[in-house]
Amino acid sequence: MKRNSHFEFIIAGQGLAGSILAWYLIKANRTVLVIEDTSLQSATSVASGLMHPVTGRRIVKSWRADEFIPNAVKLYQDIEQELNKRFYYNTPILEIYHDHGNRNDWMNRSVTSGIGEFIGTDYNADELPKSLNAPFGALELKHTGWLNATQFKMDMKRWLEEKNAYSEGTIDYHSLEKNETHFQFHDLTFEKLIDCRGYYSMLSKSWSYLPFNPAKGEEIVFTSDADLWKDFIYHNTFKIIPSEESEFRFGATYTWNDTSNDITSDAREKLINGLSSLLDAPFTVIGQRAGIRPATKDRRPFMGEHPIEKNHFIFNGLGSKGISAAPTLAKEMLDFLLHAEKINPEYALERFTFPGY
Ligand SMILES: Cc1cc2nc3c(=O)[nH]c(=O)nc-3n(C[C@H](O)[C@H](O)[C@H](O)COP(=O)(O)OP(=O)(O)OC[C@H]3O[C@@H](n4cnc5c(N)ncnc54)[C@H](O)[C@@H]3O)c2cc1C
């Protein structure tokens, strides 16, 4: 089928943000083309994919977790059904207690911090798998899961191709020709540009005024015959996610002073040490990968239209919880684009002052 040469929307970047927003726009019968620069790194390609309802040692409910997680599960399952693919796993998390105090904190916070619906069985150490080093026991968190984000990105690319809505290339607002009504990109014309370039948006002239706080993350892939319960994610500082038969992912680190895509020996060492203290069984590291989380200084996304560049939008800043947040936020972005609904001031662009060029 011949591709259109005019689109209402062009989305720059086919990570999680671009893929989900494109899904909604296509479902709303809008013409959209996603342009992806495959030579660049993508957080989505390396994300551990976990949807965790709690943040930090203080055991605080993650931002809008009770809304984001069920919405995300529903969307990923809907997409799986339409694509006839599998990338979402409804897997409980075993939160491994650090010490007795941590166990007490979890017990208290499960009542007071609004996470009650996620709390499952409380396990003593002798009830847990033998290969797990969890002397203080562990708590099951229910209604959570993980997205095989690498697979999701690949499957969404194929789906977009089938819809004639995908193209490889590199696009930036400042290299486009523009007139009153449309933008020109090679042989294409379009009306609105949505920037979903993850970390790379912060390097562009248009968005450099936004306070990004990119956080590099690395994980390792390992094999082991450890006696672990299948279909559980194990979490204390890092997490073990079972991916294939006898194959697991373990991560991820946080580094704020390195925005290269390179894997590092420092991270490998940290991860191997972390895994050795969690797993009482031999393992073999078979891979390591790195990516940059598009995090922001105030830990809220960036959504809206550029203050002076008309028809230039951004949907970005998904940070370290993008897997659960993206489905709800992409829907809000859709309502803003199509129905002029207001974006919540907590993450609207208007919370920042544009200094001009
Ligand atoms: C190691 C690691 C572990 C993580 N684990 C989790 C987790 O367990 N749970 C969770 O919720 N989140 C996790 N995250 C965060 C999650 O990955 C991100 O929130 C999410 O993937 C961000 O998606 P995005 O689409 O905004 O960015 P990206 O996935 O980075 O996508 C941006 C895309 O834009 C493309 N691009 C860039 N410039 C251009 C251009 N000029 N033209 C065209 N295309 C361009 C890039 O190629 C890229 O594909 C993790 C991230 C990392 C790095």
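Numbers here simply count residues along the sequence, with the first being 1. Remember, it's 1-based here, ligands and their atoms both numbered in the order they're listed.
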Can you find a heavy atom in the side chain of [X] that is under 4.5 Å from one in the side chain of [Y]?
{"X": "Ser62", "Y": "Phe68", "value": "no"}
{"X": "Thr296", "Y": "Leu210", "value": "no"}
{"X": "Phe302", "Y": "Pro211", "value": "yes"}

Would [X] count as a polar contact of ligand 1, with the cut-off being nitrogen or oxygen pairs under 3.5 Å?
{"X": "Gly49", "answer": "yes"}
{"X": "Glu36", "answer": "yes"}
{"X": "Val46", "answer": "no"}

- Message: Does the residue Ile35 have a heavy-atom contact with ligand 1, meaning some pair of atoms that are separated by less than 4.0 Å?
- Response: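 So Ile35 counts as touching ligand 1.
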
- At a 4.0 Å cut-off, with the gap strictly under it, does some heavy atom of Arg293 reach an atom of ligand 1?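 True for this residue.
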
- Query: Any donor-acceptor pair under 3.5 Å linking the side chain of Ser42 with the backbone of Thr44?
  - Reply: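 Between the backbone of Thr44 and the side chain of Ser42 there is a qualifying donor-acceptor contact (under 3.5 Å).
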
- Does the ring centre of Phe185 sit less than 6.0 Å away from the ring centre of Phe190?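 Judged by ring-centre distance (under 6.0 Å), Phe190 and Phe185 do not meet the cut-off.
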
- Message: Under 6.0 Å between ring centres: does that hold for Trp63 and Tyr347?
- Response: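 Yes.
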
What atoms in ligand 1 come closer than 4.0 Å to a heavy atom of [X]?
{"X": "Leu318", "result": "19 (O)"}
{"X": "Lys153", "result": "49 (O)"}
{"X": "Gly291", "result": "53 (C)"}
{"X": "Ile323", "result": "9 (N), 10 (C), 11 (O), 12 (N)"}

- Picking from Thr253, Thr255, Thr264, what satisfies side chain to side chain donor-acceptor pair (under 3.5 Å) with Glu218?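 Of Thr253, Thr255, Thr264, side chain to side chain donor-acceptor pair (under 3.5 Å) with Glu218 is met by Thr264 alone.
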
Which option, [options], owns the non-hydrogen atom nearest [atom]?
{"atom": "atom 48 (C) of ligand 1", "options": "Ala17, Ser42, Gly169, Ser167", "value": "Ser42"}
{"atom": "atom 30 (O) of ligand 1", "options": "Pro301, Gly198, Pro294, Ala43", "value": "Ala43"}
{"atom": "atom 21 (O) of ligand 1", "options": "Thr170, Thr44, Val34", "value": "Thr44"}
{"atom": "atom 15 (C) of ligand 1", "options": "Ala12, Gly319, Ala47", "value": "Gly319"}

- Query: Backbone, side chain, both or neither: what part of Ser320 comes under 4.0 angstrom of ligand 1, heavy atoms only?
  - Reply: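 For Ser320, the contact with ligand 1 is made by the backbone alone.
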
- Message: Apply ring pair (Phe, Tyr, Trp, His ring centres under 6.0 Å) to residues Tyr76 and Phe152 and explain how you reach the verdict.
- Response: CA-CA 9 Å; Tyr76 295 133; Phe152 173 77; 5.6 Å; yes

- Query: What protein heavy atom sits nearest atom 42 (N) of ligand 1, and how far away is it?
  - Reply: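 The closest heavy atom on the protein side is Ile171 N, 3.1 Å.
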
- Please name the pair of heavy atoms, one in Leu329 and one in Pro301, separated by the smallest distance, quoted to 0.1 Å.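 Result for this residue pair: CD1-CG, 3.6 Å.
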
